[in-house]
Number of protein chains: 2
Amino acid sequence: MTKKIPAATVRRLPTYLRYLEEVGIGVGTIGSEEIAAATGGSAVQVRKDLSHLRYSGTRGVGYDIDLLARAIKKALGLDRTRRVALVGAGNLGTALAGYTGFAATGFDITAVYDKNPRRIGALISGMAVRNVEDLVADARIAPYEIGVIATPVGAAQAVADAMVEAKIGAILNFAGVTVKVPPEVVVRNVDLSTEFRILSYYLSR
Amino acid sequence: MTKKIPAATVRRLPTYLRYLEEVGIGVGTIGSEEIAAATGGSAVQVRKDLSHLRYSGTRGVGYDIDLLARAIKKALGLDRTRRVALVGAGNLGTALAGYTGFAATGFDITAVYDKNPRRIGALISGMAVRNVEDLVADARIAPYEIGVIATPVGAAQAVADAMVEAKIGAILNFAGVTVKVPPEVVVRNVDLSTEFRILSYYLSR
DNA sequence: TAGATTGTTAATCGATTAACAATC
DNA sequence: TAGATTGTTAATCGATTAACAATC
């Protein structure tokens with residue numbers, strides 16, 4: 001177990017990494033000023049964030065892009081592939097299943113599930129949609145680490161329960177409703193209407 | 001201009017409101033304890049958050065659901081409809097355009113844009129996809145307040161530039177890359193790979 | 001009045017920023 | 001050595017929590 005990284009830093013490290021991947025790994029060095037400009041933060045904050053990593057930059061020079069990217073990956077546990085189960089084969093699920101791009105490597109969406117018989121068996125990104133009732137049994141054979149909920153509101157809690165039963169440790173919930181899970185399961189919620197409403201507040205001032 | 005609400009509170013108010021809408025407006029009162037349980041926070045935090053509103057609860061009783069919902073809506077500027085322009089008519093854009101549900105009322109996705117000639121003219125949720133080059137001119141006739149970027153990485157900055165030129169004040173960016181906009185434009189970023197990577201950190205400890 | 005529950009003040013905790021030391 | 005840039009310490013700021021007063 002490595003040293004704990006502050007939550008705010010954990011949220012920003014992926015953005016830094018994404019930028020490093022964009023400029024291209026193995027292309028020399030980069031300064032905190034450039035990373036900050038590209039990711040919308042301040043240079044001090046970038047340096048403070050990066051100070052939690054095992055790797056340090058070189059004063060007067062900057063950070064070696066390759067080594068920095070590796071250090072961030074290591075710190076975020078991105079040095080291994082994680083199996084992902086996606087539940088919900090509607091428009092959103094289809095969009096998520098088709099998600100590629102360099103930043104998505106390391107997350108292997110192994111199967112897509114749905115409960116609608118019309119969708120079960122259909123092909124999405126080359127995968128035949130499976131019955132959500134098979135999720136727990138499938139996980140016994142090959143465990144999932146991450147579950148993605150891309151169902152309508154009404155189905156979300158049942159899906160979360162199944163994911164917990166399948167011993168999934170982290171859930172990404174797009175369903176627009178808070179799901180209840182045991183405290184050891186990590187949940188992140190992404191909801192369009194919540195985002196709109198937050199923006200609305202800042203528009204109105 | 002009303003009193004400023006702390007950023008952390010602004011992020012949570014939509015979740016409270018969503019829950020109130022779920023239990024049903026006009027059904028009596030509700031306690032901070034129940035709101036906390038349903039939204040995954042603590043009761044003190046709920047009360048502290050709600051103390052920023054114009055409306056106060058009743059000691060010994062709780063909050064009137066109807067009045068509380070109204071007060072949150074008012075505070076978030078949800079007492080009016082906002083026009084939304086969605087750019088990117090792929091899987092994700094289609095999913096977002098089809099988003100409905102009570103929480104989405106008040107955000108009127110008026111038009112969907114794309115730059116791919118094959119998609120222009122196609123129907124998405126009853127709207128004919130328009131050429132993204134028309135965005136600025138369209139906005140001159142009827143302004144948009146919010147822009148949603150649902151394009152691939154490569155197109156995102158150009159779309160953001162067009163949105164700024166169209167005088168859009170708030171952007172919801174699903175493109176997985178940080179876009180540069182003037183400081184008065186509010187941007188929120190939603191990115192699948194970033195979410196996966198954050199979850200990865202918590203899985204690895 | 002007693003019980004329930006909100007609202008506020010102060011303390012603690014965590015995050016950001018300023019200032020500057022370190023060192024390539 | 002001088003210039004550039006990182007890394008750290010301390011100060012400030014903002015968010016959360018504890019304790020309790022207020023009041024229905």
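When reading the values below, keep in mind they use all heavy atoms of this one structure, side chains included, and skip hydrogens, waters and symmetry mates. Numbered from 1 within each chain, the chains take letters A, B, ... in sequence-line order.
- If you measure from atom CD of B/Gln45 to atom C1' of D/dA15, you get 8 Å, rounded to the nearest angstrom.
- Comparing C/dA15, D/dA15, D/dT9 by their closest approach to the side chain of A/Pro6 singles out C/dA15.
- Here the side chain of B/Ser42 is nearest to one of D/dT8, D/dT17, C/dT17, namely D/dT17.
- Atom NZ in B/Lys48 sits about 12 Å away from atom P in D/dT17, given to the nearest Å.
- When the nucleotides D/dT9, C/dA15, D/dG7 are ranked by their closest atom to the side chain of A/Ala8, C/dA15 comes out on top.
- Side chain A/Arg59 to base D/dT6: a donor-acceptor pair is found below 3.5 Å.
- A/Arg47 has no side-chain polar atom (N or O) that falls below the 4.0 Å cut-off from OP1 or OP2 of C/dT16.
- Remark: D/dT23 base-pairs with C/dA4; criterion is Watson-Crick or G-U wobble with both hydrogen-bond distances under 3.5 Å.
- Residue B/Ala7 has its side chain nearest to D/dA15 when only D/dA19, D/dA15, C/dT16 are considered.
- Between the side chains of B/Arg205 and B/Tyr201, a donor-acceptor pair is found at a separation under 3.5 Å.
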ask   = What's the verdict on side chain to side chain donor-acceptor pair (under 3.5 Å) for A/Asp108 and A/Thr81, showing C-alpha distance, side-chain angles and the deciding distance?
value = CA-CA 7 Å; A/Asp108 184 9; A/Thr81 294; over 6 Å; no
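- Rounded to whole angstrom, the span from the CG atom of A/Asp49 across to the P atom of D/dG7 amounts to 12 Å.
- At whole-Å resolution of the value, CG in A/Asp64 and C1' in D/dT6 are 14 Å apart.
- Two residues, A/Gly62 and B/Arg12, neighbour DNA chain D, and the one matched to the more 5' nucleotide by heavy-atom proximity is A/Gly62.
- Under the Watson-Crick and G-U wobble criteria, each requiring two contacts below 3.5 Å, nucleotide D/dG14 is paired to C/dC13.
- In this structure, A/Ser56 reaches the D/dG7 phosphate: one of its side-chain N or O atoms is under 4.0 Å from OP1 or OP2.
- Note: CZ (B/Arg54) to P (C/dG7) measures 15 Å, nearest angstrom.
- Under 3.5 Å, the side chains of A/Ser200 and B/Arg82 contain a donor-acceptor pair of N or O atoms.
- Residue contacts for B/Ser32: at a heavy-atom cut-off of 4.0 Å it reaches the sugar-phosphate backbone alone, with no base atom in range.
- Screening B/Leu20, B/Ile30, B/Thr58 for a side-chain contact (heavy atoms from CB on, under 4.5 Å) with B/Tyr63, the sole residue that qualifies is B/Ile30.
- The OH atom of B/Tyr55 sits 14 Å away from the P atom of C/dT5 (whole-angstrom rounding).
- If you measure from atom CG of B/Leu68 to atom P of C/dG7, you get 10 Å, rounded to the nearest angstrom.
- Closest contact between the side chain of A/Tyr63 and the listed nucleotides D/dG7, C/dG7, C/dT17 involves D/dG7.
- Per the geometry, OH belonging to A/Tyr16 stands 13 Å off P belonging to D/dT6, to the nearest Å.
- In this structure, a donor-acceptor pair under 3.5 Å is absent between the side chains of A/Asp134 and A/Tyr113.
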